[in-house]
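Below: the structure, in structure tokens.
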Amino acid sequence: MEDQLRTEQAILKKKINWLDLLKVIAVFMVIVAHANDCIILNQDGNFNFEWGTYIGSLYRFSVPLFVLISGVLLLPTKLNTIEFYKKRLWRILPALLFWGVAYVIFDGMVLNHKSWDKMWLDIVRLPLSFGDASPHLWYLYMLVGLYLIIPVISPWVAKATKRELELVLAIFIFSTFIPYLKFLTGLAFGVCDWNEFHSFYYLSGFIGYLLMGYYLYTYLPGWSTLSKRCTGAILFLTGYGITYYLTISVPFSIPNIEMVWYYCSPNVLLEAVGVFLLVEGLELKNGVFTRIIQTIAKYSFGIFLIHYFFIGVIFRYLAATFDLHPGLNVLLSCLITLLVSFATVWLLTRIKGMRKLLM
């Protein structure tokens, strides 16, 4: 029965378009995240912790949502390890290095006027880590790790029963509580100064979202639409409420805020799964809205890569020019950034060689 279900799901993967809507939601919320940084970091000269907290607690599901989508589309892969690496890593690594260099030059020559020696040092470091000029590119380094593990776990995923998947996912869910456990007790299943790998380390992190995406897509179709939507709404609102409450409750510091906003925390997991359930299986009728969603989704990777050139500049310009409410400023600056980024990507992909760096 499970084999038949998986075969049917594999066929449907070619037809689903609600994943496009999830991609658009995810990339827009990434833009929101970086607009909100302008509030949290006081880059508009009008620090507003209250609205920074409202918004900051909202968008945390964005990156986990991307990984859930990857779990739907990529697990289990039928390619062998070398073929998979060639196909997937070749898509990521050139884009990471090219745009990493572009951001270093943009930051050094346009925004902060750095010396060539400093810019060169930032460029040399790119194979090891992203720099201050492009913090959002951390996602690509993480994505490389996921791509490395996918062909390794795919044979198990293909054979695992529903109960076996649920057992592994239960361990993953438990692991999301460990940062809070460490915060409260200082203890975390063997973690110490000379060992960062706790007992559940190898079933924690974003690999859990990969497996969760596959599980939800494979075994949720049996749920009624009402059940999925109601459950999704409850999970999302609960996750958002917990995230907001903890953000205003912990002693204020960047490490404490980051702990609450950690992508692999139980509260953010609730948000991400909630949004997934709200959209999963949604039938989008052919029309203008659907075509817009499909078009933006097609260029979503490129939008993610280049939006950081624009969001801070647009946010600060609106803040300096108009007396806008912080929430309205975030919304407008994000919409403008989405449109500008889309137009830029669309134009750049018409240049020979750029398409592979943006799609």
Side-chain angles (χ1 to χ4, degrees), residues 2 22 26 29 57-72 74-76 142-143 145-146 149-150 152-154 156-157 159-185 187-191 196-223 227-247 249-250 258-280:
E2 289 184 356
L22 283 179
M29 296 312 288
S57 302
L58 175 66
Y59 60 72
R60 301 310 298 176
F61 66 85
S62 56
V63 170
L65 193 58
F66 274 129
V67 183
L68 288 173
I69 294 168
S70 295
V72 172
L74 300 180
L75 283 180
M142 181 273 289
L143 199 58
L146 290 181
I149 199 67
I150 283 175
V152 177
I153 65 173
S154 284
W156 175 81
V157 172
K159 295 180 179 180
T161 64
K162 182 173 182 283
R163 180 173 289 275
E164 287 173 332
L165 275 167
E166 288 170 348
L167 173 61
V168 171
L169 287 173
I171 298 172
F172 159 63
I173 292 170
F174 177 78
S175 75
T176 63
F177 289 89
I178 291 178
Y180 293 141
L181 179 67
K182 187 177 180 182
F183 173 77
L184 294 172
T185 68
L187 306 174
F189 301 104
V191 172
E196 61 182 292
F197 306 104
H198 55 76
S199 304
F200 308 97
Y201 181 88
Y202 302 101
L203 291 177
S204 63
F206 287 99
I207 191 174
Y209 281 112
L210 266 182
L211 294 173
M212 183 69 76
Y214 170 78
Y215 175 84
L216 293 175
Y217 180 71
T218 302
Y219 295 105
L220 272 189
W223 287 28
S227 296
K228 284 188 285 190
R229 304 300 177 252
C230 290
T231 303
I234 292 170
L235 292 179
F236 174 76
L237 292 174
T238 301
Y240 176 78
I242 293 172
T243 304
Y244 174 76
Y245 175 77
L246 291 177
T247 303
S249 298
V250 298
E258 291 296 341
M259 176 189 66
V260 174
W261 289 359
Y262 185 46
Y263 291 119
C264 296
S265 65
N267 39 295
V268 174
L269 173 62
L270 290 173
E271 287 189 21
V273 174
V275 173
F276 188 94
L277 293 179
L278 284 169
V279 177
E280 193 274 337

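Between T243 and T247, the closest heavy-atom pair is O-OG1, 2.6 Å. Nearest heavy atoms, Y214 versus T218: O-OG1, 2.7 Å. Counting all heavy atoms, side chain and backbone alike, F276 lies closest to G213 at CZ-O, 4.4 Å. Contact record, S57 with Y240: O-CD1, 3.2 Å, taken as the closest heavy-atom pair. Residues E271 and F61 share a closest heavy-atom pair of OE1-CD2, 3.6 Å. The shortest heavy-atom contact between T161 and Y219 is C-OH, 4.2 Å.
In this structure, CG on L246 lies 9.5 Å from CZ on F183, to the nearest 0.5 angstrom. Between F177 atom CZ and L269 atom CG the span is 8.5 Å, to the nearest 0.5 Å. In this structure, CG on L22 lies 12.5 Å from OG on S62, to the nearest 0.5 angstrom. Atom CZ of residue R60 and atom CG of residue L270 lie 15.0 Å apart, to the nearest 0.5 angstrom. For the atom pair CG (L278) and SG (C230), the distance works out to 9.5 Å, reported to the nearest 0.5 Å. To the nearest 0.5 Å, the span separating CD1 on I171 from CG on L203 amounts to 5.5 Å.
Partner of L210 under the side-chain contact (heavy atoms from CB on, under 4.5 Å) criterion, out of I150, V157, V72: I150 alone. With Y215 as the fixed residue, the side-chain contact (heavy atoms from CB on, under 4.5 Å) test singles out one of L165, L68, L75: L165. Checked against M29 for a side-chain contact (heavy atoms from CB on, under 4.5 Å), the options L58, V275, L65 give a single hit: L58.
Note on residues 227-242: pairs passing salt bridge (Lys or Arg N to Asp or Glu O under 4.0 Å), not counting sequence neighbours, are K228-E280.
Looking at heavy atoms from C-beta onward, I173 lies in side-chain contact with M212 at the 4.5 angstrom threshold. At a threshold of 4.5 Å between non-hydrogen side-chain atoms, the residues T231 and I234 do not count as touching. For the pair V268 and Y262, the minimum side-chain heavy-atom distance is 4.5 Å or more. Side-chain contact check for V63 versus M142: some heavy-atom pair is nearer than 4.5 Å. Put simply, the side chain of F174 does not reach to within 4.5 Å of the side chain of L181, judged on heavy atoms.
Legend: residues meeting side-chain contact (heavy atoms from CB on, under 4.5 Å) with S199, ordered by chain and number and at least two apart, are F189. For the side-chain contact (heavy atoms from CB on, under 4.5 Å) test, residues two or more places apart in sequence or in another chain that qualify with F197 are N195, Y201, Y202.
Proximity of the aromatic rings of Y209 and F172 is defined here by a centroid distance below 6.0 angstrom, and this criterion is met.
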Worked verdict on I153 versus L211 for side chain to side chain contact (heavy atoms under 4.5 Å, CB included): CA-CA 10 Å; I153 65 173; L211 294 173; 4.2 Å; yes
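The backbone N or O of W261 lies less than 3.5 Å from no partner atom in the side chain of S265, so there is not a single donor-acceptor pair.
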